[in-house]
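First up is the structure itself, then whatever we jot down about it.
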Amino acid sequence: MISKEIKILGIDPGLRITGYGVISYQNQSSRYIASGIIKTSNTEGDLASRIKIILTGLGQVIDEYHPEVAAIEKVFVNTNPQSTLLLGQARGAAIAAAVLRDLNIFEYTALQIKKSVVGQGHAAKVQVQTMIQRLLNLPSMPSTDSADALACAVCHANISHSLANFGVGNRMKGGRII
């Protein structure tokens with residue numbers, strides 16, 4: 001049985017660097033399309049400018065590659081509440097870019113992503129990079145931010161295939177979880 005090809009945008013949100021990765025998924029097989037980073041560190045101290053760069057940059061990625069869905073990493077609460085808040089704002093900009101282009105958004109924890117790609121939830125960054133390189137047959141190891149974004153997309157491909165059989169999902173449409 002041949003299933004429809006779907007393009008998945010993976011997003012690793014960050015206020016200084018936001019990673020993105022686009023893959024194609026069909027018949028339980030993932031294929032690399034593109035990846036990169038959106039860097040905002042040139043506008044130190046100006047939160048509004050950084051948010052705009054993320055929103056605009058991801059909008060351009062979506063317009064160029066036309067993914068059907070976006071998968072984004074959920075924010076974890078770390079020891080610094082200010083850092084968590086800033087990361088949440090970068091994540092909000094990334095979600096807004098996808099919502100403005102009517103993409104369904106799926107959310108995954110770092111644990112889910114690493115477990116799906118590497119096989120263990122506490123994998124090191126280099127393990128994620130290595131597995132992404134192998135899984136997508138990349139000629140070289142991607143940067144950590146690109147690898148994390150591609151891992152998010154691969155996680156969605158892996159999990160959505162299983163969930164589709166049960167009619168289950170954790171996604172947002174138009175800003176609402178459905």
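Keep in mind it's a predicted model, so treat the numbers as computed, not measured.
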For [X] and [Y], indicate whether the former's side chain and the latter's backbone hold a donor-acceptor pair under 3.5 Å.
{"X": "Asn80", "Y": "Gln82", "result": "yes"}
{"X": "Ser146", "Y": "Gly36", "result": "yes"}
{"X": "Thr56", "Y": "Lys52", "result": "yes"}

Please find the pair of heavy atoms, one from [X] and one from [Y], that lie closest to each other, and give the distance.
{"X": "Ala123", "Y": "Lys114", "answer": "O-NZ, 3.2 Å"}
{"X": "Ile51", "Y": "Gln89", "answer": "CD1-O, 3.5 Å"}
{"X": "Gly21", "Y": "Leu150", "answer": "CA-CD2, 3.6 Å"}
{"X": "Leu103", "Y": "Val69", "answer": "CD2-N, 4.3 Å"}
{"X": "Ala94", "Y": "Ile54", "answer": "N-CG2, 4.1 Å"}
{"X": "Leu55", "Y": "Ala97", "answer": "CD1-N, 3.4 Å"}

Item checked: Connected hydrophobic set around Ile37, excluding itself, where side chains approach under 4.5 Å ->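 Answer for Ile37: Ile17.
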Side chain to side chain, [X] and [Y], heavy atoms closer than 4.5 Å:
{"X": "Tyr32", "Y": "Leu138", "value": "yes"}
{"X": "Lys74", "Y": "Tyr108", "value": "no"}
{"X": "His122", "Y": "Lys115", "value": "no"}
{"X": "Ile62", "Y": "Pro67", "value": "yes"}
{"X": "Ile95", "Y": "Ile72", "value": "yes"}

Notebook entry, point to check: Is the number of heavy atoms from other residues, nucleotides or ligands within 6.0 Å of NZ (Lys7) greater than 12?
Noted result: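 Above 12, so yes.
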Item checked: Arg16, CZ: over 12 other non-hydrogen atoms inside 6.0 angstrom ->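 Counting neighbours around CZ of Arg16, 12 or fewer heavy atoms of other residues, nucleotides or ligands fall under 6.0 Å, so no.
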Report the distance from atom [atom1] of [X] to atom [atom2] of [Y], rounding to the nearest 0.5 Å.
{"X": "Ile132", "Y": "Thr144", "atom1": "CD1", "atom2": "OG1", "value": "12.5 Å"}
{"X": "Glu73", "Y": "Asp12", "atom1": "CD", "atom2": "CG", "value": "5.5 Å"}
{"X": "Leu85", "Y": "Leu47", "atom1": "CG", "atom2": "CG", "value": "8.5 Å"}
{"X": "Ile23", "Y": "Tyr25", "atom1": "CD1", "atom2": "OH", "value": "9.0 Å"}
{"X": "Asn104", "Y": "Ile8", "atom1": "CG", "atom2": "CD1", "value": "12.0 Å"}
{"X": "Ser30", "Y": "Ile6", "atom1": "OG", "atom2": "CD1", "value": "11.0 Å"}

Checklist line | Of Val61, Asp148, Asp145, the residue whose pairing with Tyr20 passes side-chain contact (heavy atoms from CB on, under 4.5 Å) | finding: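 Of the listed residues Val61, Asp148, Asp145, the side-chain contact (heavy atoms from CB on, under 4.5 Å) partner of Tyr20 is Val61.
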Next item on the list: Would you mind checking if Glu5 and Arg31 are paired as a salt bridge, meaning a charged N to carboxylate O distance below 4.0 Å?
Entry: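 Between Glu5 and Arg31 there is a salt bridge, with a charged N closer than 4.0 Å to a carboxylate O.
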Check: Given Met141 and Arg134, is the side-chain contact (heavy atoms from CB on, under 4.5 Å) satisfied, shown in steps?
Finding: CA-CA 9 Å; Met141 190 178 292; Arg134 288 180 184 167; over 6 Å; no
